[in-house]
Every structure is written in C-alpha cells, then in structure tokens.
Amino acid sequence: MGLKEIVLSRSIYVFHLSSGSCNNCDIEILDCLTPRYDLERFGITLVGSIRHADVLLCTGSTNRMTAPIIRKLYEEMPKPAFVVAFGACGASRGLFKDSYNTGQPLDEVIPVDAYIPGCPPKPEAIIGGLIKLIGKIKEKTKGR
Amino acid sequence: MNLAEYLFMFLVFPGLLFSGTAGLVVGWVDRKVTAMLQWRVGPPWYQNFLDMAKLFLYKETLVPKGAARGYFLGMPLLALSAATLASTVLFSANGGARNGFLGDVIVVVYLLMTPPIALMLGAFASANTLATVGASREMKLMLSYELPFLLALSVPIVKSGYALKLGDIISYQVINGAIVGSWSGALSLVAMIFCIQAKLGFVPFDMPEAETELMAGVYIEYSGKALGILKLAKSIMIFALPALIVTLYCGGVASGSPVDLAKFAIKYIAIVLVMILIKNTNPRVRIDHAMKFFWGPVASLAVLSCVLAVLGQ
C-alpha cells in the first residue's frame, strides 16, 4: 500500500449536505458518532466547512432547487474528493421518483462514488457503505 | 550563539519539529479523553499525524474568488511562526541552562497574542461573511480575555521580586516553593486557566469557530496546506500554553534531570486534563456573556490576586 492510499483512507473528513431530505437520514448519520458505533476511531469526523471536507455525504432527493447548489458545492471541494449518495432518495430519488420537482437523480448531477441504500439506512448499513467507500478510495489512489 | 544554533533551536528542538510533534500528541490526548468521557473508544494516537499528512501532501489549496491572496495565504504562516517562536523562547528558558533573556515573559505573551490576530486578518481577507463574523467574535474575545490574562500574569512576576525573566521566576520557585502554593498564586491560576481556555478556543469560548452556527467561522475558507498550517499552529499553542502555566505557577523544569522532567510532565498533564474537563462539561456561551464573564468575575479575581501579591500573600 502506498502512503497516499493509507492516508486518504484512514483520515476522512465528512461534510454532511441535506439536499431536501425528510431529516430521517440526518438523524441516522449522527447515530454513527455515538458510543455504540463510534466512527471517530477510524478517523472519520464531521466538519463544518466544505473546504475541509474529503467526502460529500448527500442525503435527500435531489430536486430542482438543490441540484445547482450541489453542483456548486462539489466544485468548491478541494480535490481529491469523494461523494456518497445517502439513503433511498439520494441513491435513486426513492418514492419521489415521478415528482414534478425531482428532475434528475444525484449521480446525474455529480459523480457518485458509493451508495448507501435504506430508508433510512441503519448504522450497520452506513458502516457497510463506509467500507465500500474506502474500497473505492483505495482503488482510485492505487500505486501512488 | 551563532546562526546555525538559533536555526536548530527554531526548527528542531524546542521549535517546530519538537513542539509540532508534541502538540499533535496533546491534540490526540484531547480527542481520546473526550471520547472516553463520552464512553467511546476514540481515535488511535497517530490520527492527527494522518490528518496533517493528508492536508499537507494530497489536498488541494484553494483561494476563494475576491479574497486578498497575499494576506489569505500569508497569515497562516505568521501564526505558525509566532506560535513556534513562543514555544522556542518558553522552552529554552526552562531546564538547567535557562537560556532566557531579560523580558522574555513579555516576548512570550506578545508572541502568543500574534496567532489569534493573524487568524483574524486571514479570515477578514477571505471575503466570506461567516468568516468575518467569526473574526469579529475573535476580536471581542481577545479584548475580553487579555485584561485578566495580563493581570494574572503579573502575579508570578510580582511574587518573584519583579523578575521579568522566565529563568528568574523558575529560580525563585526552586528556592521558595511553587507560586501556586500562595493565596495570590492559587487565585490567579484559576483566572489564568479560564483565559487559556479562551485563548485556545476550547469549548465554552469557541464562538469564533462555532461549528453549528458559523460552519467553522474563521477557518471556513481555508483548505489543504493553509488549513494544515493553521492546525499545526493551533496544536503548538495547545502544547505551549499549559506549559507556560506550569512554568509560571508550578515550577517549570528546574533542571534537565529525569526526575524534574517527570514532575513537569505530571503537572502538565494535570493542567491539560482540567482544561479538557472544562471543555467537555460546558456548552458554548454567547459572546456578550463571555465578555461579561471575563471583565466581571475573572478580572476581579485577577485584580484581587494582584493586590494580595503586592501585599506579599
């Protein structure tokens, strides 16, 4: 394993963006930082500013209001950056698929690296998604 | 001493390399103790080093549109060099040799005041509204804590016979016992710990970087290497400020022997633990409350301890 692979997969700053979610996913994200799951031991921290972030965690169905904001935030992130689509809405627009307001799913707005399905995903599913994300980070930075 | 020795002191020991490493380890102690207080496991000891490596080696450094580029990128460097220099002066005045100079207390205080000012200027230069609000809070916070800080700082100076030299304050404590043992010393130590808490931006007084309302405030536009430099400067401050308290109130490092170093380490860890406990058991206060708190009770406490010190208590 190269240094880049180790460093980027062991120190993940997460910026949590709610792009029109019903707040259920947002509560489940905080559950992962509580004593039972404690994701900080793997170096995962929630940060307040998009400029500090490595991972953009996007909850909610991407609607016409938030799609330009998501695109702008992705452009504001310092690269290398990764995106996780969180929950059924983030992954596929969920039950709002045929709504007049949700024009396109998240992965047509910005490139998505990992999906965490569920409505809302259980903390175990979030940790499973995290492992998928770390696999993706390692794949992208291999041999550097 | 020649230039090479000064450079070694600034860059290796007790300057950038030593203080930076120690600061990152103390930063980990902070995170680990916080996690243990919340019944969590917490990150491994090398977590802060990984974060630093990520920020310095692999992340992009962005300058926002409309920002004053020179100020925005230069101010983190000023903060880091001032913090490193403060740590260097402080630790070269400690130990058996005590390579201090007359007035090094004032120089250390001056240098410790520089990183918040640099942070403030950098935030103002970033053309971000939230950063500006954070910077104005930082300014008000500085105005509030500097008064009791300087008053409390004058107690060890008065007690040690108006010595403006860190080495003389340590020598006084080696002969007469630690300054914290007297009434004035104990009272001013309490005032000092609150001021240090605010100087470090630890939780009851973290309004400049309030994560939930200002989204990291003064740090908001910094990314990559610039953020790494600011974090390193803050780590060095976290290392240097409790060490300053131990030097002024609890005897510092009397000589280079292992026993004295161990004594210093125990006192240092005790002060750091008190600060982490205050941090974890208090909510963030509002800026006007903080100002009232520092100019009211804490300043009165500091004035009282000053009067007691002059009276020889």
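- Residues B:Thr34 and B:Asn280 bring a donor and an acceptor atom of their side chains to less than 3.5 Å of each other.
- Between the side chains of A:Thr34 and A:Asp31, no donor-acceptor pair is found at a separation under 3.5 Å.
- In this structure, B:Phe149 has its ring center at least 6.0 angstrom away from the ring center of B:Phe294.
- Using a 4.5 Å cut-off between heavy atoms, B:Ile220 touches chain A through backbone and side chain atoms alike.
- Applying a 4.5 Å heavy-atom cutoff, the residues of residues 35-42 of chain B that approach chain A are B:Gln38, B:Trp39, B:Arg40, B:Val41, B:Gly42.
- For the residue pair A:Arg10 and B:Tyr46, a side-chain donor N or O sits within less than 3.5 Å of a side-chain acceptor on the partner.
- Listed for the A:Ser11 side chain is no donor-acceptor partner under 3.5 Å among the backbone atoms of A:Val7.
- Partner of A:Asp113 under the salt bridge (Lys or Arg N to Asp or Glu O under 4.0 Å) criterion, chosen from A:Lys132, A:Lys140, A:Lys138: A:Lys140.
- At a heavy-atom cut-off of under 4.5 Å, chain A is reached by B:Lys59, B:Glu60, B:Leu62, B:Pro64 from residues 59-68 of chain B, listed in order of number.
- A side-chain donor from one of A:Ser21 and A:Asp26 sits under 3.5 Å from a side-chain acceptor of the other.
- For B:Phe18 and B:Phe239, the distance between ring centers is under 6.0 angstrom.
- Figure legend: B:Lys225 and B:Phe56 shown without cation-pi pairing, the cationic atom not lying both under 6.0 angstrom from the six-membered ring centre and within 45 degrees of its axis.
- For the residue pair A:Ser19/A:Thr66, the side-chain donor-acceptor check at 3.5 Å is not satisfied.
- Neither the backbone nor the side chain of A:Leu39 comes within less than 4.5 Å of any heavy atom of chain B.
- Contact of A:Ile44 with chain B is not made at all, since no heavy-atom distance falls under 4.5 Å.
- Between B:Tyr145 and B:Phe205, a ring centre-to-centre spacing not shorter than 6.0 Å is recorded.
- There is no contact between A:Tyr37 and chain B, counting heavy-atom distances below 4.5 Å.
- Neither the backbone nor the side chain of B:Phe49 comes within contact range of chain A; no heavy atom of the residue lies under 4.5 Å from a heavy atom of that chain.
- Counting heavy-atom pairs closer than 4.5 Å to chain A, the top-ranked of the candidates B:Gln47, B:Lys54, B:Arg31 is B:Lys54.
- The aromatic rings of B:Phe194 and B:Phe293 lie perpendicular to each other, with more than 60° between the two planes, well past the 30° mark.
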